2 protein chains.
Amino acid sequence: MTDVARVAGVSLKTVSRVVNGVATVDQELAERVHAASAELGFRANFAASALRSGSSTATIGLLIKDLSNEFYANIASAVAVVAKAHHTQLITAHSGENAEDELEAIFDLCRRRVDGLLIVPTGGDHSALKSEIDLGIPMVFIDRKPVGLAADSVVLDNFAGARDAATRLINDGHSRIGILVDTLNMATMRDRLQGVRTAFAEAGLALDDSLVVTNVRGPIEASIEVDRLLASSAPPTAFFCGNNRSGIGVLRSLWQRGTNEALVSFDDFQLSELMPRPFTVVRYDNRALGTISAELLFRRINREVFDPTTVVLPTELCDRGITGLRGPQPQASQRARCT
Amino acid sequence: MTDVARVAGVSLKTVSRVVNGVATVDQELAERVHAASAELGFRANFAASALRSGSSTATIGLLIKDLSNEFYANIASAVAVVAKAHHTQLITAHSGENAEDELEAIFDLCRRRVDGLLIVPTGGDHSALKSEIDLGIPMVFIDRKPVGLAADSVVLDNFAGARDAATRLINDGHSRIGILVDTLNMATMRDRLQGVRTAFAEAGLALDDSLVVTNVRGPIEASIEVDRLLASSAPPTAFFCGNNRSGIGVLRSLWQRGTNEALVSFDDFQLSELMPRPFTVVRYDNRALGTISAELLFRRINREVFDPTTVVLPTELCDRGITGLRGPQPQASQRARCT
DNA sequence: GTGAAAGCGCTAACAA
DNA sequence: TTGTTAGCGCTTTCAC
């Protein structure tokens, strides 16, 4: 900028004024500055500007597990739209599996003075972040509430979704239901399992714990468990899956077997309506997780004052998979038969 | 930092040394600094540090259309892995549809002094970026070569992929093939159409231009075109789709009709092997687009000198969709029958 | 309307 | 090993 000032024959401050398009600058001087800028290839340094003026970095951070997972990608995409509307750049940090990595990434973003942080927690304890919040960096937690910390969060109604799912199966006459969930270290999974238990209790039925499988990591493990459960002397007549990955594994297994056990799985997924066998999903507005969190964050960033909020998004049951009947089918954009 | 120095009773520079963990500092002084840091809630300001030391911002930018699209999400996910390995944060900017927005986003990232830029171009002209490259900001273009600019790029072998696809159909006895591609403003689409034309020419067949449909934007438009083409007096017996979105539309239409026209579509997608009808995809390593580009970018960032490179990734034909036969099926992790 | 000087938070270069 | 000084690129303050 000093060079530009020299070449344009004006003071540093005048260049600054022209570059920022602020205040009134003499037409001719402004043009000399523009000419000199172009000649020298001058580009304003955003960081230096923010440093001196104490203005915000116009940057928020998003901590997320894995963008190649549709669930997280939809959140990130929705967040990006809100960020753009606020003329803010988005730094996306991948936490990986590890809670320590996650903390380290958060601290790095704080050193970079992001205006705020959106966190899809890997789990673990978040009390270490209290100091960062006190320092004035707003945070909103997505999909899981923070542990050991009072902060905003946007989550799903996991309990109700799972209870509805199990109730549907029970009402359809099933009493032996295979339950496949991921690790119970995650509150989401605990809530979903609790929803299923509640549905059984409400129906006056006993849930056979030998049909409850935890730590189901992915589709392949889910397939294996389906085969194991169905080979038992008192096999289940239906399955509940705690997430779409195990749902897909079960779906594949059941389709291969050609048997007609019922299936309800948490999480919808792309092209679920074209799966080769009917099943049901616990659906919710995936993008809303991102949109609402980001809007909440910007309210905090804009210094709006309100008590820590938890937004709970509703779920609904939707039938998916093809029925075997040919003929006009609903388009993806107006998905079918949701309750 | 000044406050920390005062509270710890040491000089500014000593605090700096302790914070950066560099050089040897007396044990006791270091502890006084740590204590003062904790007491005051001191957090190093990364931007100020980079400004003074002239070191890099340890940030790269990724310009991408839409993370909710599997193709882009896989690229972003792969880039994030490489960035993390280089201890670099990733700013993801969504270009939207608009070429002007894209340029504006790039300029913003340049003002932020990112170390480098990864761009999935929306199209349009990129000669305006020459000045930024000259300024020393390396750029790598993904999926499409830059227009009017010599820069690194990583692209697919669109021509060969499409030629292989059409040749497969021709060898299977098809001569009337419906061709559905998106706008020919995109070089990828032009290359794919050219690949199809070449396959016809090599087979000594004429391609009926009335079966070539351009500007097919998505699944719904594709479905409509399928219905139109099949209603004609000389309907096609097979379809080629220029991307997975139109492929999905055609697949849905053909499945609903219950007819057995052949289908080959560019781009694989999740759960394609569970689609209710056989078809074929032109597959490639989606993540490699991100991984290789990012690695190329970091070579540039590390001041390695080499001529502008274009990496072309190969494609292969893979059969997808269920065959109607029950029984053991290949797992997604070892996908079937790829040539 | 324009410019000179001071300083944002930090580190390089040097001195002690 | 520790401290002092100057200054990264920019904006503020205030005088002209």
Side-chain angles (χ1 to χ4, degrees), chain A residues 1-37 40-59 107-115 132 135-137, chain B residues 1-37 40-59 107-115 132 135-137:
Chain A
M1 199 179 249
T2 315
D3 296 337
V4 175
R6 188 169 34 69
V7 171
V10 298
S11 82
L12 199 58
K13 182 60 212 181
T14 301
V15 178
S16 170
R17 282 193 263 255
V18 171
V19 166
N20 291 300
V22 77
T24 43
V25 176
D26 184 87
Q27 192 71 31
E28 196 222 317
L29 287 194
E31 269 168 32
R32 291 213 320 255
V33 169
H34 282 131
S37 290
L40 298 174
F42 170 75
R43 298 288 179 281
N45 183 323
F46 184 86
S49 163
L51 176 60
R52 177 61 241 239
S53 67
S55 62
S56 86
T57 55
T59 313
F107 288 138
D108 182 70
L109 291 170
C110 290
R111 277 191 294 272
R112 287 166 188 265
R113 296 292 189 269
V114 291
D115 299 337
E132 310 304 314
L135 239 68
I137 301 193
Chain B
M1 197 179 250
T2 315
D3 297 336
V4 174
R6 189 170 33 71
V7 170
V10 298
S11 82
L12 199 59
K13 183 62 208 182
T14 300
V15 178
S16 170
R17 281 193 265 256
V18 171
V19 166
N20 292 298
V22 78
T24 44
V25 176
D26 184 85
Q27 192 71 30
E28 197 222 316
L29 288 193
E31 269 167 32
R32 293 214 318 255
V33 170
H34 282 131
S37 292
L40 299 174
F42 171 75
R43 299 289 179 278
N45 184 322
F46 184 86
S49 163
L51 175 60
R52 176 60 241 239
S53 67
S55 62
S56 86
T57 55
T59 313
F107 288 138
D108 182 69
L109 291 171
C110 289
R111 276 192 294 272
R112 286 166 188 266
R113 298 292 190 269
V114 292
D115 299 336
E132 310 303 313
L135 239 67
I137 300 191

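Reminder, nothing fancy here: chain letters follow the sequence lines and each chain counts from 1. What you see is a predicted model, and the numbers here were worked out from it, not measured in a lab.
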May I have the distance from Leu51(B) (atom CG) to dG9(C) (atom P), rounded to whole angstrom?
12 Å
Heavy atoms only, 4.0 Å cut-off, all strands: where does Leu29(A) land among base, sugar-phosphate and nothing?
sugar-phosphate
Spacing of CG belonging to Leu135(A) relative to CZ belonging to Phe42(B), to within rounding of 0.5 Å:
10.5 Å
Report the residues that fulfil side-chain contact (heavy atoms from CB on, under 4.5 Å) with Ala35(A), sequence neighbours left out, ordered by chain and then residue number.
none
Does any part of the side chain of Asn45(A), heavy atoms only, come nearer than 4.5 Å to the side chain of Arg111(B), both counted from C-beta?
no
side-chain hydrogen bond (donor to acceptor under 3.5 Å, both in side chains) partners of Thr59(B), counting only residues at least two apart:
Arg112(A)
Is Thr14(B) reaching over with its side chain to a backbone N or O of Val10(B), donor-acceptor style, under 3.5 angstrom?
no
Only pairs at least two apart or in different chains count here, so list each salt bridge (Lys or Arg N to Asp or Glu O under 4.0 Å) that has a residue in residues 7-16 of chain B.
none
Does dT11(C) have its OP1 or OP2 closer than 4.0 Å to a side-chain nitrogen or oxygen of Ser16(B)?
yes
Without decimals, in angstroms, what is the distance between Glu31(B) CD and dT2(D) P?
12 Å
Salt bridge (Lys or Arg N to Asp or Glu O under 4.0 Å) partners for Asp115(A), two or more places apart:
none
Could you work out which one of dT11(C), dC10(D), dT1(D) sits closest to the side chain of Ser49(B)?
dT11(C)
It should be established whether Ser11(A) places a side-chain nitrogen or oxygen under 4.0 Å from OP1 or OP2 of nucleotide dA4(C).
no
May I have the distance from Gln27(A) (atom CD) to dT2(C) (atom P), rounded to whole angstrom?
11 Å
Salt bridge (Lys or Arg N to Asp or Glu O under 4.0 Å) partners for Arg113(A), two or more places apart:
none
Protein N or O to nucleotides 12-15 of chain C N or O, pairs below 3.5 Å:
from, atom 1, to, atom 2, distance (Å)
dA12(C), N7, Lys13(B), NZ, 3.4

Can you name the salt bridge (Lys or Arg N to Asp or Glu O under 4.0 Å) partners of Arg32(A), sequence neighbours left out?
Glu28(A)
Between dG9(C) (C1') and Arg112(A) (CZ): distance, integer Å
16 Å
Interatomic distance, Asn20(B) CG vs dT1(D) C1' [rounded to whole Å]:
16 Å
Testing Val25(B), Val33(B), Leu29(B) one by one against Arg17(B) for a side-chain contact (heavy atoms from CB on, under 4.5 Å), which residue passes?
Val25(B)
Can you list, in residue-number order, the parts of residues 40-48 of chain A that come under 4.0 Å of DNA chain C, counting heavy atoms only?
none
Arg32(A) CZ - dG1(C) P separation (whole Å):
17 Å
Atom pair distance, as rounded to whole Å: CZ in Arg6(A) and P in dC10(D):
14 Å
Arg43(B): what forms a salt bridge (Lys or Arg N to Asp or Glu O under 4.0 Å) with it, not counting sequence neighbours?
Glu132(A)
Rounded to the nearest angstrom, tell me the gap between atom CG in Asp3(B) and atom P in dG9(C).
9 Å
In residues 1-8 of chain A, what donor-acceptor pairs under 3.5 Å come from side-chain atoms, sequence neighbours left out?
from, atom 1, to, atom 2, distance (Å)
Asp3(A), OD1, Arg6(A), NH2, 3.0

What's the angle between the local helix axes at either end of the helix from dG1(C)-dC16(D) to dA16(C)-dT1(D), using five pairs per end and rounding to 10 degrees?
30°
